[in-house]
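Worksheet for the structure shown next.
Since the structure is predicted, the reported quantities are computational estimates derived from the model, not experimental observations. Side chains are part of it too, since the values below use all heavy atoms of this structure and drop only hydrogens, waters and symmetry mates. Labels below follow one simple rule: chain letters A, B, ... track the order of the sequence lines, proteins then strands, and each chain is numbered from 1.
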Amino acid sequence: MEQNIPIEYVKGDFRGLPSTLCQGCGHNSISSQIISACFELGIQPEKVIKFSGIGCSSKSPTYFLSRSFGFNGLHGRMPSLALGTLFADTSLKGIGISGDGDTASIGMGQFKHLVRRNMPMVYIVENNGVYGLTKGQFSATAEKGLMLKKQGSNPYLPVDIAMEALVSNATFVARSFAGDPKQVKELIKAALSHNGIAVIDIISPCVTFNNQEGSLHSYNWGKDREAPLHEISFIPPRDEIMVEDFEEGSVREVTMHDGSLVILKKLENDYDPTDRWQALRILEDAQRNNWMTTGLLYIKPDIPSLVDMYDLPEQPLNRMKPNQLRPEERVLNEVNAMMF
Amino acid sequence: MEQNIPIEYVKGDFRGLPSTLCQGCGHNSISSQIISACFELGIQPEKVIKFSGIGCSSKSPTYFLSRSFGFNGLHGRMPSLALGTLFADTSLKGIGISGDGDTASIGMGQFKHLVRRNMPMVYIVENNGVYGLTKGQFSATAEKGLMLKKQGSNPYLPVDIAMEALVSNATFVARSFAGDPKQVKELIKAALSHNGIAVIDIISPCVTFNNQEGSLHSYNWGKDREAPLHEISFIPPRDEIMVEDFEEGSVREVTMHDGSLVILKKLENDYDPTDRWQALRILEDAQRNNWMTTGLLYIKPDIPSLVDMYDLPEQPLNRMKPNQLRPEERVLNEVNAMMF
Amino acid sequence: MSSTQKEAGKDIVNDFCITFATVNGSGSQTANITILRALFKMGIPISGKNKFPSNIQGLPTWYSIRVSKDGYLGRLEEDDILICMNPASFEKDLAFINPGGVLFYPDDFKHPINRDDIITYPMPVKALAKEADVSPALRDYIANMVYVGMLAKMLGIDMTAILEALDFQFKGKQKAIDSNYIVAKSAYEWAAANLEKKDRYVVKRMKPLDGYIMTDGNTAGALGSIFGGVQFVAWYPITPASTLPEALIEYLPQFRKDPETGKNTYAVVQAEDELASIGMVIGAGFGGLRAMTATSGPGLSLMTEYAGLAYYAEVPSVIWDVQRVGPSTGLPTRTAQSDMMMAYTLGHGDTQHILLIPGSVTECFEFGWKSFDLAERLQTLVFVMTDLDFGMNQWMTKNFEYPDQPLDRGKILWEADLERLDGVWGRYVDVDGDAIPYRTLPGNLDPRSAYMARGTGHDNHAQYSEDPEVWEANMDRLIRKYNIARSLVPGPIIEQEGSVKWALITYGSSDPAVQEARAKLKADGKKFNYLRLRAVPFCDDVKNFIASHDTVYVVENNRDGQMNQILQMAYPQFAGKLVSIAHNDGLPLSAKWIMRTIMAQEAK
Amino acid sequence: MSSTQKEAGKDIVNDFCITFATVNGSGSQTANITILRALFKMGIPISGKNKFPSNIQGLPTWYSIRVSKDGYLGRLEEDDILICMNPASFEKDLAFINPGGVLFYPDDFKHPINRDDIITYPMPVKALAKEADVSPALRDYIANMVYVGMLAKMLGIDMTAILEALDFQFKGKQKAIDSNYIVAKSAYEWAAANLEKKDRYVVKRMKPLDGYIMTDGNTAGALGSIFGGVQFVAWYPITPASTLPEALIEYLPQFRKDPETGKNTYAVVQAEDELASIGMVIGAGFGGLRAMTATSGPGLSLMTEYAGLAYYAEVPSVIWDVQRVGPSTGLPTRTAQSDMMMAYTLGHGDTQHILLIPGSVTECFEFGWKSFDLAERLQTLVFVMTDLDFGMNQWMTKNFEYPDQPLDRGKILWEADLERLDGVWGRYVDVDGDAIPYRTLPGNLDPRSAYMARGTGHDNHAQYSEDPEVWEANMDRLIRKYNIARSLVPGPIIEQEGSVKWALITYGSSDPAVQEARAKLKADGKKFNYLRLRAVPFCDDVKNFIASHDTVYVVENNRDGQMNQILQMAYPQFAGKLVSIAHNDGLPLSAKWIMRTIMAQEAK
Ligand SMILES: Cc1ncc(C[n+]2csc(CCOP(=O)(O)OP(=O)(O)O)c2C)c(N)n1
Ligand SMILES: Cc1ncc(C[n+]2csc(CCOP(=O)(O)OP(=O)(O)O)c2C)c(N)n1
Ligand code: SF4
Ligand code: SF4
Ligand SMILES: [Mg+2]
Ligand SMILES: [Mg+2]
């Protein structure tokens, strides 16, 4: 983004087509926060690229950032698609939108391997514990014992997407709740500044199939049980930093790869998001106690990303000229001489 | 196994065809320990069923227990095959043999979901950090920086199979080393008594492609770095228990579902294998310190297995008679009446 | 014939198409099906087709009921009666009404009606719904009952039949029945008091449709499987297949408890994806269970490799492909017959699978149980190829018939059998000369029973082998086995007109439209013989049928004429006389399109 | 002709087959290839085929060198000279020696030699290996050099040529060269001193094979891709494809650094499986990179769904299918041409893909670069269909030729183009009437450039659409595009004998055997015209060729005659004259089998 000509954007520059999701669907509020985050960061929309799998969640990239390229791929297999595309022009910011079925059921393998590769992109899971688009079957994040119409009771323990990301050595892991738009937005901003995989598991209620009282992915449950680790604010590199605004000791700062700052304002206890160990533990506690712990769970800003390992030129690969791609005839003569 | 007519077996009853793996391959020693474990437990070989994917490791079920049924399936997709087959006769003991490529690369999704389902079977990963059968490419458990001929250097952090199993709520997780045959054997015995998924991640050096000095899956490294958590012994239910043989406080016992006992003799510190939390932590420590921590990492013997949830009769499903399977004509008349 | 009846002035009785244009997620389905059921109850042949978007709420959706005294159940291209509840699609929908047709619409619609060749009935939906004594949350939902009542009045549908339909719908729950019925009834009365009938469409009671039921293909398939003794189901949700496993989940507990122990004689597992569901099913098939899955194109794609394994290792299982429009995610809520070639050859290397193709909803039931007998007899996969049109739409269909054959478990050796054989057997030995070997099942306690199944080269005793002759001999046996299947699979249904030189071939859900086209062409003086395929591979009847005609039109609902291609490969000697009549736009074929296209071909 | 030369008493010069029977993992490959190279260096046409087991160490393996002064490179069914180093396979191997043939064997073998119609040469392998001054660990390894020296002496291979071959093998590392050469040399001398030549096989120098190189198809494919500007490779290991990406990993860093910055102009990613490798490749193709993967049957099976997406969303990429024996895991180390039908239709729904089929190793290079031009020009997948025989065996082949056309990146709109067009464009609009739309690439900063690619129904502007007409129009355009491809893909190679009524069609690695069969049939007085397919879909040349013959034999290495089937579907009017000549037992076809089978057909 460094080379952007500073343009003044209006919010409309970041909008998408009208949503065809259900009214009240958590996914819609996440889309709004993506729009706001990009707008507030002043990202050039053409510098973003969107990816998704299949599902209600995966439909949503159509509903934000119409001026960004996108690929609505296959169910569970957005990660590989995104990885390949992002090599074409590594200056682009990738945003992947997935569902819990898309990521944790069919997509488990690709998700885990994308994370393990530390592919630089934002990976948002719009997690509702259910398959929305196919009308309400259990996803792999549905809690044990959940009852759904036509499906009976779910016999399995849920997949914890944040824990999965941590164990796969993700370098940025957060959890949030669609009912907490401010936190969602700040997390997305931070994620967009992260040079590596940034996984955000957002509990995003499905009002049509899994919003019943007591369901772990319902609005009510989230409202009752959300326990933010901190109040998070994102400060882009160009802004003047005024940490003095905060009371001494009341905040923790994380400096991102691009110089921006993530400010975590302490709530009850001080939480250190650079300790994977603590992150795993806080998640285990959340599981045991039925809390929805939200916030930036873990961050490791200075690990080389997958792309960093490839020694690529600044010029995007997809703008290379034929003479950069085809060796000269002389080289082929050498090759022929080698073949014996 | 309860109904077995007590037969005296000889070890040959548990052997397989001659191995076609390389001499010295870790997988061969694991096969031997499977043979010994089954022999020592006196399991009726016909009551065992073997599964595998594709790879050198996955070839090995041919080399033990010729009197057991088996299915050598597809690369990375043994879990689903095993799950389906085991419903046919739930009195059978399933043993799955997989490789690190088979489980952690292509098989990640199926592995994680098998574990999450707590499918009652023994799942052994013969983990050599490399693709043996395709001649030496990196698997997902290869350590970052590993150099292999023709492949260059591995850019990714390894998948930790034991940690993956834990996070997926496995109810039995162990790690061992093919160079420690006694431990391998006792762990397999315990696993065979477990009513649920029993994952054993066994470091099993590939002498042909990944046994070079310093490689994390080499014999040398294992011999230098193996740090057993305890000395493990398995005591089948029919044997008289002589815990008095052990010094007071020097052992920890775990009672298995079928009444057998797992005796863990303390080494340096007392390790509690019923605390998932400690297990995750010991693995994190091992990763940080480059230790090969082995032993029974975690066990939770009393969780209902997948099969328990299905309310199946004792009679194996695959021995049901036509009249048990096809409802009477009367029922169809009712059905027709319902269709409007 | 309907055309003669549509003469000016006369009533058009029991022969038209009603379409309901609504918004999905608005609960109109209950209202639409109530009408459908009421008509069926009046003895009038009907079919109901839902054209819905691939989302959950808020987009235009259409439900069309074909009312056909002649029993034609195929799709009509135009509407006679449109009930338009959706302002968003109003303008477009209007264009589809036949001249002389009818429009019902809420009286608060602001849209201009730019047609003067139709009859229009405004409906006081808001007002009548408000009158109803229901909670405001339900008000929108049962507003749809307004058009039920209005339509009942204007067409002449019995309100008793409506009541019966509601009673069935709400499983006798009186409160729900009442609150819906009251709205319908008051709309009925409002119409009686305020509207004058100006259109010509009427329904009249016919003699009861005895021997017929009303259901959809996925329910029928699930029930057929239950009567086929299904024991293991693994599935992954996908439209339009999901309702088949969901019907299994609903009905298995009712019908398949073990009579003695009261325990389940089955297990249903929702897998993490189709790679896993097929793996589970093939595992279970190997284990000796009657195992099945149901999926659609994208899922079938993911099953490719396991399908090849099952073919080569000779594992029985049943796969339902409820086809939708591909390639790729395509149109998930629209119908097609476009996985035929794929299913036929699914897997790499040389493979050939058995396809059963039900041609009616009752045949979905029949092939539900037959597929297991065939799979176990032949020790191979059986694909039941149906589609969204059958699977998710409502059809009147013949009563399900109880299987006329006992379960055929195929060639299985248990302990006693091995005893009898002195333990002499080999998993892939062709003992009987029919290319079908014997198998043992896990759990068999005879020490000579075990074998290692594998997708790698194997000899007659299932031992690993790379021997060229062993490989080829085994693959050739599989061809022989496939040829044996020709005489075991359901043969074609043939209808001859005598020594006519032109013929039609079709299959599956294209049958109703082809039947109708054929009848109408005949009425126009063009006779066609007729063959409906019910399976791949083909038996000699198919060959002889093609051989005895000059031109054979192969009608199907896909782009590439896939069945035509399969026939061409099967009968290269006749390939020249096969003419592909194929197209797919996501909708079921219409008789009109078929007639038009065949006539154009004939004119060439 | 060789047959005339095999008359009793006369020397058989440069026309026979040598087979080395060894144990895999024993390092014999170096010895075998040394002989191969030495013969090539002497100007004698050769091909080398490795028949190896699917394991790593300890099982029988065979390497056959065909020496053919006439330049026939196909497989021979029998051996003339057998070097048997493996007691385990000794007995079986003996049976394959032609009468009058030769057996070399270690003198410590205890096996009886039950043939009296062959000449035998025992070799003091142990003794000579012991003499060599190498570490005991290496001794076994270089024991193989004993047979190199013996064979050189008995056949008349120049030891200078052996030395050249070793020099190449060990990349000039003198110590390795020496220790191997010394053993070969002492064996040579031992043979000179102790053995009397009793057999008739000799090699004689021919004129240098200028313009030819020796390599394998996977290396050629990798190099061709590099000269085609490949930018992104994702792969998952699988035999027999792995060596193609491995060659890319070897050569890309040498040849494809950016001239200015010295940075990489490419990226190679080893994926976690083939579901991911194809996803990555299609992502990269969408992003505007020349992207490829290489796999074999099982991997291709897993790529089914993504292939359908690429077809429908019109994403260019290249997939190499180095075919092996399926179905299922099958025989992973044996060759076949049995994924043809599958690749052609890969995906659910109606799909058709473009297949390029190299017929020689040098064509593997050529199609390596051409495939990208075609994929980007046509915005679709291009499958390069090769096999283990080409991919992993050593072939003499024509020099690689530098591309005679500049890179064709197809229709891409960058910022300046959109400026020129005033931003008026649509991703799937057929502007030029050739059914090929324009595309923009991510990173294009023009606000009008972006679109959302998708596998769901879409209109000309890539917007989601379920409209029946939009769907069908788009699918029909894809057919038109496929038809355009007919004139862009490499046409067939046709060789006419004049007005002969019989013809042969073949493709890929079956070409050498068919060429040989054709020449021999001609010598026997039966002339055949000849067509080698190089691509699917077919151009009119193929049609006209078939049209102008009475009987056309389609020869291929699979069970079901898959190309024959594809031809039948393409030309139903001629289906009756196509005769399938197909079989697969894991080995390349032999001229002998082809001749035998065709003569049997002719006799019918
Ligand atoms: C291979 C494949 N299998 C199944 C489907 C059907 N399918 C579409 S969306 C979906 C589940 C979506 O659930 P989730 O990812 O949680 O998204 P949500 O709709 O809940 O946002 C499924 C199973 C598919 N498109 N592709
Ligand atoms: C779908 C598919 N892709 C690739 C292969 C090729 N293949 C065979 S074994 C193997 C890797 C085996 O590695 P691992 O599981 O670690 O077993 P090991 O040989 O090391 O014991 C691969 C990639 C295959 N058989 N199937
Ligand atoms: S079905 Fe659920 S997930 Fe889908 S759009 Fe509606 S509320 Fe959202
Ligand atoms: S290649 Fe490696 S893993 Fe395979 S058999 Fe040999 S030593 Fe074992
Ligand atoms: Mg969901
Ligand atoms: Mg391995």
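Both the backbone and the side chain of B:C22 come within contact range of chain D, with heavy atoms under 4.5 Å apart. In this structure, chain B has a heavy atom under 4.5 Å from the side chain of D:L302, while its backbone stays farther away. Only the side chain of B:Y156 comes within less than 4.5 Å of a heavy atom in chain D; its backbone stays farther off.
Scanning all heavy atoms of the two residues, the minimum distance from B:S105 to D:Y236 falls at CB-OH, 4.0 Å. Across all their heavy atoms, B:T20 and D:N55 have their closest contact at O-ND2, 2.6 Å. When all heavy atoms are compared, the tightest approach of D:S328 to B:L74 is OG-CD2, 3.9 Å.
Summarising the local packing, CD of D:E91 is surrounded by 12 or fewer heavy atoms from other residues, nucleotides or ligands at distances under 6.0 Å. The 12-atom threshold is not exceeded at OH of D:Y141, counting heavy atoms of other residues, nucleotides or ligands nearer than 6.0 Å. Atom NZ of D:K92 has 12 or fewer neighbouring heavy atoms from other residues, nucleotides or ligands inside a 6.0 Å radius.
Evaluated for a side chain to side chain contact (heavy atoms under 4.5 Å, CB included) with D:S242, the options B:K150, B:K135, B:Q137 yield exactly one hit, B:Q137.
The backbone N or O of B:Q23 lies less than 3.5 Å from a partner atom in the side chain of D:Q57, making a donor-acceptor pair.
From B:D102, atom CG reaches atom CG of D:D273 across 11.5 Å, with rounding to the nearest 0.5 Å. Here the OG atom belonging to D:S54 is positioned 8.5 Å from the CD1 atom belonging to B:I54, to the nearest 0.5 angstrom. In this structure, CD in D:Q270 is found 5.5 Å from OH in B:Y131, a value given to the nearest 0.5 Å.
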Side chain to side chain contact (heavy atoms under 4.5 Å, CB included) between D:I56 and B:L21: does it pass, once the steps are laid out? CA-CA 7 Å; D:I56 303 303; B:L21 303 181; over 6 Å; no

